[in-house]
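This report concerns only the one structure given below.
Below, chain A is the first sequence line, B the second, and so on; all start at residue 1.
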There are 2 protein chains.
Amino acid sequence: MDRSSPVPLYYQLSQQLEAAIEQGGLAPGSLLGNEIDLAARLGLSRPTVRQAIQSLVDKGLLVRRRGVGTQVLHSQVRRPLELSSLYDDLEAAGQHPATQVLRHETEPATARVAAALGVPEGSEVLLVERLRLAHGEPMAHLRNHLPVGLIDAGPARLEETGLYRLIRAAGITLHSARQTVGARAATAEEGARLAEPEGAPLLTMERTTYDDTGRAVEFGSHVYRASRYSFEFQLLVRP
Amino acid sequence: MDRSSPVPLYYQLSQQLEAAIEQGGLAPGSLLGNEIDLAARLGLSRPTVRQAIQSLVDKGLLVRRRGVGTQVLHSQVRRPLELSSLYDDLEAAGQHPATQVLRHETEPATARVAAALGVPEGSEVLLVERLRLAHGEPMAHLRNHLPVGLIDAGPARLEETGLYRLIRAAGITLHSARQTVGARAATAEEGARLAEPEGAPLLTMERTTYDDTGRAVEFGSHVYRASRYSFEFQLLVRP
DNA sequence: GAGTGGTCTAGACCACTCG
DNA sequence: GAGTGGTCTAGACCACTCT
C-alpha cells in the first residue's frame, strides 16, 4: 500500500484484489481470509479493508457469508452492465466503426421529444441523425434529440467519435438512462437505409439519458439490424 | 429510530429517507442537510448516517458533491434494473398471467446447454417448455434447462407461478444473470404457437442465471411477441 | 466454543466548492 | 474562510455458521 499516493487506500486494495482474482492468483471458490488478519497484515484498519472488499462484492466478484468467510465467485462471466456507447463497443470489438451524419439541425420538439427531454413542446432542440457502419456495412440508424447548446460539435466531429464522448467532453457527468428495447418489421424506407429487405426484423431501442442532476441530456430512437446486432449484458440481483 | 429493532439503524434511516423522497417530503433538487447535523439530530454516528445515504446514492435517488452537499435527484423515473420474472412483471401490471406447461422432462444436454450450465455434454438436464399467456393471449414461448434435482416442482406448480419463485423456494439465492436480447423473424411453427404470422418480428432473450456461489442454475431461451412485449430498464453509470 | 462477517461509535484530517 | 463530503482509525458488541 502506498500511503503517499492520492489514491484512497481502500481503492488501492480493491484493485490489487481484483487483479489477483482476474489473473488467477485467487482461485474461484477460495476463501479470502478474514478481515481482521488482512487489516493487520496490511497495516490498515478493519473498516478500510471492509470498504475495499465491499466494492468487489458490489461488482459481483466476491460473496460474503456471515460465519463462513469471503469467497471468490466461480463466475464464468464478468463485464457488468454499463451505459454503453455503440461506437466504443464496436471499436473495442475491432469492428472499425464509422459514422455518416445524415442530419444535424435544430427543429421544434414534438410532444414525445419534449416530454422525454423535459422542455416545452415546440421549443427548439437539436436533431442528430446518423448511420452507423461497421466494416463498411450499415449496422444501425440513430436518431438523437438534445437540448440546444449542450454540445458544440458539428457534423465533422460527430463522424469521428460517439455522441457520449462529445457529451462528456462538454463537461457533463452522465448518471443514468432509461431504455426500452423492442423489435419490429422494417419499412421499405428503413430496409433501404440498412440494406435489409422490407419486413426484416429490426431491434429498436429508445433511451433517455440523464446527467447527475437528473436533467435529461439526450433522447435517442435507434434501430439496429437484428441480423447483425444484439444487446448483451449482465444483471446483478439486488440483495 | 428504533434501537430495539433488529433492523439495522442505517437501514431504518435509508428507508425513512426513501419514503420522504417518494412522497415528496424531500423535493427533487433540494439539499439534504449535512451529515454531521443529521447524525447529531438523530443520535447516530456519522459513519452510520453515511451508510444510509450511500445506499440511496447507489440506488440512484441522491447525488453527493464534495463541498456542496447531498441533493435529491430530479429523477423522472425510478425502477432499477432487476433480474425480473416475467410472471411477476405481468402480475404486477395487472395482466393476469397464465402458464401452459408444454414439456417437463429430462433430456441429455446439448453442447450449448452443457456449456451454459457447466455440466458434461450429454448428461441429463431438466427441460421445461412453457407458453406464457396474458389476458388469455399468448405472450411468449419459454424454454428453460435446469440441473436435475434443483427444483422438485411438477407441471402443476409451474402453471401456478414463475420459475424464479420455485428456484428461490428451493433455498437458492440468485446472484446474477447474463442476458442477450435480439430479434428474428418467426418461423411458421413459432408463428402458430404465438398467434403471429410467419415472418413476424419476435424478440429473443437468452439468459443464464447464477446463484451466489457462481454456479449456473438455469439457462433460458425465450421468444416474445414483439407486438406485445418490450424490455424496459434503467441503467446507472458506474462512477 | 471458535471464528466469521454485520453493525456501530467517536473521534480525526483532508480535498473540494463556494462566496 | 466556512462548509461540505471523502477517507481513515481503533476500538466495541452482536448474529450467524460450523464443528
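- Here A/Thr106 contributes atom OG1 and A/His145 contributes atom NE2; the two are 10.5 Å apart, rounded to the nearest 0.5 Å.
- Counting only residues at least two apart or on different chains, the side-chain hydrogen bond (donor to acceptor under 3.5 Å, both in side chains) pairs with a member in residues 109-119 of chain B are B/Arg112-B/Glu206.
- Contacts of A/Pro6 with the nucleic acid, taken as non-hydrogen atoms under 4.0 Å apart, are absent.
- The interatomic distance linking A/Gln71 (CD) with C/dG3 (P) rounds to 19 Å, in whole Å.
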Distances under 3.5 Å between protein N/O atoms and the N/O atoms of nucleotides 13-19 of chain D, please, pair by pair.
from   : atom 1 : to      : atom 2 : distance (Å)
D/dA15 : O4'    : A/Arg66 : NH1    : 3.0

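- Every residue meeting the side chain to side chain contact (heavy atoms under 4.5 Å, CB included) condition with B/Ser230, not counting sequence neighbours, appears here in chain and number order: A/Thr180.
- Two rings, from B/Phe231 and B/Tyr224, have their centers less than 6.0 Å apart.
- Remark: A/Glu91 pairs with A/Arg165 by the salt bridge (charged side-chain N to carboxylate O under 4.0 Å, His left out) rule, at least two apart or across chains.
- Note: CZ (A/Arg3) to P (D/dT7) measures 15 Å, nearest angstrom.
- Between the CD1 atom of B/Ile36 and the C1' atom of C/dT9 there is a distance of 14 Å, rounded to whole Å.
- Annotation: side chain to side chain contact (heavy atoms under 4.5 Å, CB included) contacts of A/Val63 (sequence neighbours excluded): A/Leu73, B/Asp212.
- Between the C1' atom of D/dT7 and the CD atom of B/Gln54 lies a distance of 13 Å, rounded to the nearest Å.
- Taking B/Arg46 as the reference, B/Glu35 meet the side chain to side chain donor-acceptor pair (under 3.5 Å) condition, with sequence neighbours excluded.
- Where B/Gly33 and A/Val49 meet DNA chain D, the nucleotide closest to each residue was compared, and B/Gly33 sits on the side nearer the 5' end.
- Contact check of residues 9-16 of chain A against DNA chain C (heavy atom, cut-off under 4.0 Å) returns no residues at all.
- The side chain of A/Arg64 lies closest to C/dG5 when the candidates are C/dG5, D/dT9, D/dT7.
- For A/Val68, the side chain to side chain contact (heavy atoms under 4.5 Å, CB included) criterion is met by A/Arg65, not counting sequence neighbours.
- One atom, CG of B/Leu38, and another, P of C/dC8, lie 14 Å apart when rounded to the nearest Å.
- Annotation for A/Asp152: atom CG does not count as buried by contact number, only 12 or fewer foreign heavy atoms lying within 6.0 Å.
- Here B/Thr70 does not reach the OP1 or OP2 of D/dT4: none of its side-chain N or O atoms lies under 4.0 Å away.
- OP1 or OP2 of D/dG3 has not a single side-chain nitrogen or oxygen of B/Asn34 nearer than 4.0 Å.
- For the pair B/Arg65 CZ and C/dC18 P, the computed distance is 9 Å after rounding to whole Å.
- For A/Leu44 and B/Ile53, each mapped to the nucleotide of DNA chain D holding its nearest heavy atom, the one lying further toward the 5' end belongs to B/Ile53.
- Taking only side-chain atoms of A/Thr48, from C-beta outward, the nucleotide of C/dG5, D/dC8, C/dC8 with the closest atom is D/dC8.
- Between the CD atom of A/Gln51 and the C1' atom of D/dT7 there is a distance of 7 Å, given to the nearest Å.
- Residues passing the side chain to side chain donor-acceptor pair (under 3.5 Å) test with A/Glu159: none are found, sequence neighbours excluded.
- Shown here are the salt bridge (charged side-chain N to carboxylate O under 4.0 Å, His left out) partners of A/Glu124, two or more places apart in sequence or in another chain: there are none.
- In DNA chain D, runs of at least 3 stacked Watson-Crick or G-U pairs (N1-N3 plus N6-O4 or O6-N4, or N1-O2 plus O6-N3, all under 3.5 Å) give these stems: C:1-18 with D:1-18.
- For the salt bridge (charged side-chain N to carboxylate O under 4.0 Å, His left out) test, no residue two or more places apart in sequence or in another chain qualifies with A/Arg132.
- Rounded to whole angstrom, the span from the CZ atom of B/Arg50 across to the P atom of C/dA12 amounts to 17 Å.
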